[in-house]
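Everything below concerns the one structure shown next.
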Amino acid sequence: MTSLPPAAVLALSATLLGIGIFGILTRRNFILLLIAVEVAMNAAILNFVFFAAFSGTGSGLSGQSIAVVLVGLAATEVAVGLAIVLALNRLRGSINVA
């Protein structure tokens, strides 16, 4: 069990998600768009780990294992995203999305 109140963790997670969604909707630069997606994914990772620890059932490793998979997915997303950035830069000379 954690000593943090659930409302504080949910508020932090909602703030991270809001920042990520705002960044996704407003950014034109592809690298900043990838950063915004990472922030939104970190909100989901925070929720998985907190609720696994908060539920108290078992060892809480189910949320942590999902978080590890999501971190691996985020690393893959960055690798593919940077390949797209290089391709956009070669094709258009700019990394702006629109």
Side-chain angles (χ1 to χ4, degrees):
M1 185 77 134
T2 181
S3 62
L4 289 174
V9 177
L10 289 176
L12 176 63
S13 179
T15 303
L16 285 174
L17 184 64
I19 291 170
I21 289 175
F22 177 76
I24 290 169
L25 294 176
T26 60
R27 299 294 174 205
R28 293 181 57 174
N29 188 322
F30 195 77
I31 293 178
L32 293 177
L33 189 68
L34 286 176
I35 291 172
V37 170
E38 292 293 328
V39 170
M41 285 184 69
N42 283 334
I45 291 171
L46 178 65
N47 276 335
F48 277 120
V49 171
F50 177 73
F51 282 117
F54 185 72
S55 67
T57 58
S59 62
L61 291 178
S62 62
Q64 292 175 359
S65 61
I66 291 172
V68 168
V69 169
L70 287 178
V71 168
L73 181 69
T76 304
E77 176 226 342
V78 168
V80 171
L82 289 177
I84 292 172
V85 165
L86 289 174
L88 277 175
N89 193 23
R90 285 183 185 165
L91 185 66
R92 291 198 240 164
S94 171
I95 58 172
N96 288 338
V97 177

message = Grouping I, L, V, M, F, W and Y whenever their side-chain heavy atoms are under 4.5 Å apart, do Ile21 and Leu16 come out in a common cluster?
response = no
inquiry  = Rounded at 0.5 Å granularity, tell me how far CZ in Phe30 sits from CD1 in Ile95.
reply    = 9.0 Å
inquiry  = Is there a path of hydrophobic side-chain contacts, each under 4.5 Å between heavy atoms, that joins Met41 and Val78?
reply    = no
key: ILVMFWY network linking Ile24 to Leu17, side-chain heavy atoms under 4.5 angstrom   = no
task = Hey, can you tell me if Phe51 and Phe54 have their rings parallel, tilted or perpendicular (30° and 60° cut-offs)?
result = perpendicular
note = In this structure, CG of Asn47 is separated from CG of Leu12 (nearest 0.5 Å) by 9.0 Å
task = Write down the atom of Asn96, the atom of Asn29, and the distance for their closest heavy-atom approach.
result = OD1-CA, 3.9 Å
request  = Hey, could you give me the CG/OG distance between Asn89 and Ser94, rounded to the nearest 0.5 Å?
outcome  = 7.5 Å
key: Verify same cluster id: Leu82, Leu73 (apolar side-chain graph, 4.5 Å)   = no
query = Say you draw a straight line from OG of Ser13 to CG of Leu46; how long is it, rounded to the nearest 0.5 Å?
reply = 5.0 Å
query = Taking atom CD1 of Ile84 and atom CD1 of Ile31, what is their separation to the nearest 0.5 Å?
reply = 12.0 Å
inquiry  = Quick check for you: to the nearest 0.5 Å, what is the distance between Glu38 atom CD and Ile45 atom CD1?
reply    = 8.0 Å
request  = Treating Ile, Leu, Val, Met, Phe, Trp and Tyr as nodes and any side-chain heavy-atom pair under 4.5 angstrom as an edge, say whether Val80 and Leu70 lie in one connected cluster.
outcome  = yes
